[in-house]
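See structure below.
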2 protein chains.
Amino acid sequence: MPAASDCIEMLDSETKAVETPEDHAEELRLWLRLLTCTTLIEGEVRGRLRQRFDVTLPRFDLMAQLDKAPDGMTLSDVSKRMMVSNGNVTGLVERLVESGHLDRRTSETDRRVQVIRLTKLGRAEFRRMAAEHETWIADLFSDLTPKDVRELMRLLAKTKASAQKSAARRRP
Amino acid sequence: MPAASDCIEMLDSETKAVETPEDHAEELRLWLRLLTCTTLIEGEVRGRLRQRFDVTLPRFDLMAQLDKAPDGMTLSDVSKRMMVSNGNVTGLVERLVESGHLDRRTSETDRRVQVIRLTKLGRAEFRRMAAEHETWIADLFSDLTPKDVRELMRLLAKTKASAQKSAARRRP
DNA sequence: CCAAACTGTTTTAAGCCTAAAATGTTTTCC
DNA sequence: GGAAAACATTTTAGGCTTAAAACAGTTTGG
């Protein structure tokens, strides 16, 4: 229950933000709930991937990115898409090349760049896993109505935009 | 765009689920968006904790759990609350005891059990960090209206319940 | 009583992950 | 042209994380 006065104080005139210690308990609880949901689902998916296919979640995620890019991606692209560090991708790719799921080659036009693709084996295995994976997700969300799903999509889009804006404020 | 026929087929009579390969693209997109939001916010919080306080996110999370339990918690409790493995907690606690933030002692009534608490230093540092942390979260979610927050809370509660049910189906 | 089942924690082995520094390559722009 | 900036990737050092096995203590049921 945020006091209505807080909003009024925050909006008044051109003066700098009022220094009243505000109550942000609701946002904090929202963040913890968001984190709980993600951790719960992520753990479940991780376990099923391991049990059914003996594959890790990061490997699956990387293959998912590549499946959408038949012409391959650079390591930087992958790193941005997966929102993980560059060094992380290096190791992940190493292991997937080793196991025959990925093909990696140096770009001919820019020798800094490594382009990676799924191999035939990699694509086949990924498709097989992805089909089952989709049913797991459907089951995990199965109590939500189509309207719930739409509404969540909308609110999470707004959340994402808000967080990106906030992050940009700190790192202009 | 899910075909309306899918829903009709699923609901017809008592027959077992129809084997039509269904379209769960919406749920999949929802899951990816949820994951994106969490990753984005988590990364932001992690970076700020490191820059401002030179502390890692898992250490902060563990201290947050203990701050809510003045009489201490067992490692198992912490592990369940944080939704991480037991072994993970062991190492985390080790480092926080080493740095003087945690106190750890064997329970007198059950010698298997380790009870951990925040030290005076640990509590003071945590409170300092938590105050700032709360403003970061508020800022990250600042584009959401109070109504958005309430609605998200409600939908995520439903999501959590759905996922827990699904997980329980596989591991009864 | 005491063996078996159970519970709480630690250890192990392997992989994931990050931030920061280092390396090699290309672009910019004077 | 060549120094400086920018870029892509790898390396490094350290911490996080998991699943499974091992260990230690407690409870239970014959």
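Letters go in sequence order (proteins before strands), and every chain restarts at 1.
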### Query
Under 4.0 Å: is that the gap between some side-chain N or O of B/S76 and OP1 or OP2 of C/dT9?
yes
### Query
In whole angstroms, how far is the P atom of C/dT7 from the CG atom of B/D110?
12 Å
#### Entry: Nearest-angstrom distance from the residue atom CD of B/E98 to P of D/dC16
13 Å
### Message
Using a heavy-atom cut-off of 4.0 Å across all strands, would you classify A/T90 as base, sugar-phosphate, or nothing?
### Response
base
### Query
To the nearest 0.5 Å, what is the distance between CG (A/L92) and CZ (A/R59)?
7.0 Å
### Task
Figure out the CG/P separation between A/D77 and D/dC7, and round it to whole Å.
14 Å
### Query
Think A/T56 has a side-chain N or O under 4.0 angstrom from the OP1 or OP2 of C/dC16?
yes
### Query
In whole Å, what is the span from the NZ atom of A/K80 to the P atom of D/dA8?
6 Å
### Nearest-angstrom distance from the residue atom CZ of B/R111 to C1' of C/dT10
17 Å
### Query
Would a distance-only check, ignoring hydrogens and angles, find a side-chain to backbone donor-acceptor pair under 3.5 Å from B/T38 to B/L35?
no
### Query
Does a nitrogen or oxygen in the side chain of A/S79 sit under 4.0 Å from OP1 or OP2 of D/dT9?
no
### Query
Do the side-chain N or O atoms of A/R95 get closer than 4.0 angstrom to the phosphate oxygens (OP1, OP2) of C/dC16?
yes
### Message
Can you work out whether A/E94 or A/R50 has the more 5'-proximal nearest nucleotide on DNA chain D?
### Response
A/E94
### Message
With a cut-off of less than 4.0 Å, is there a side-chain N or O of A/R46 near OP1 or OP2 of D/dA19?
### Response
no
### Query
Just by distance, do the side chain of A/S142 and the backbone of A/D139 share a donor-acceptor pair under 3.5 Å?
yes
### Closest-nucleotide 5' rank along DNA chain C - winner of B/V113 and A/L92
B/V113
### Task
Return the value, rounded to whole Å, for the distance between atom CG of A/D54 and atom P of C/dA14.
14 Å
### Message
Using a strict threshold of under 4.0 Å (side-chain N to carboxylate O), is an ion pair present between A/E98 and A/R95?
### Response
no
### Query
Counting just side-chain N and O atoms, does B/N88 come under 4.0 Å of either OP1 or OP2 of D/dT18?
yes
### Summary
Value for CG (A/L28) from CD (B/E134), rounded to nearest 0.5 Å, stands at 5.0 Å
### Query
Contact class for B/L57 vs. all strands (heavy atom < 4.0 Å): base, sugar-phosphate, or nothing?
nothing
### Closest-nucleotide ordering on DNA chain D, the 5'-leading residue of B/G91 and B/R112
B/G91
### d(CG, B/L96; P, D/dG15) in whole Å
12 Å
### Summary
B/L62 atom CG is separated from D/dC16 atom P, nearest whole Å, by 10 Å
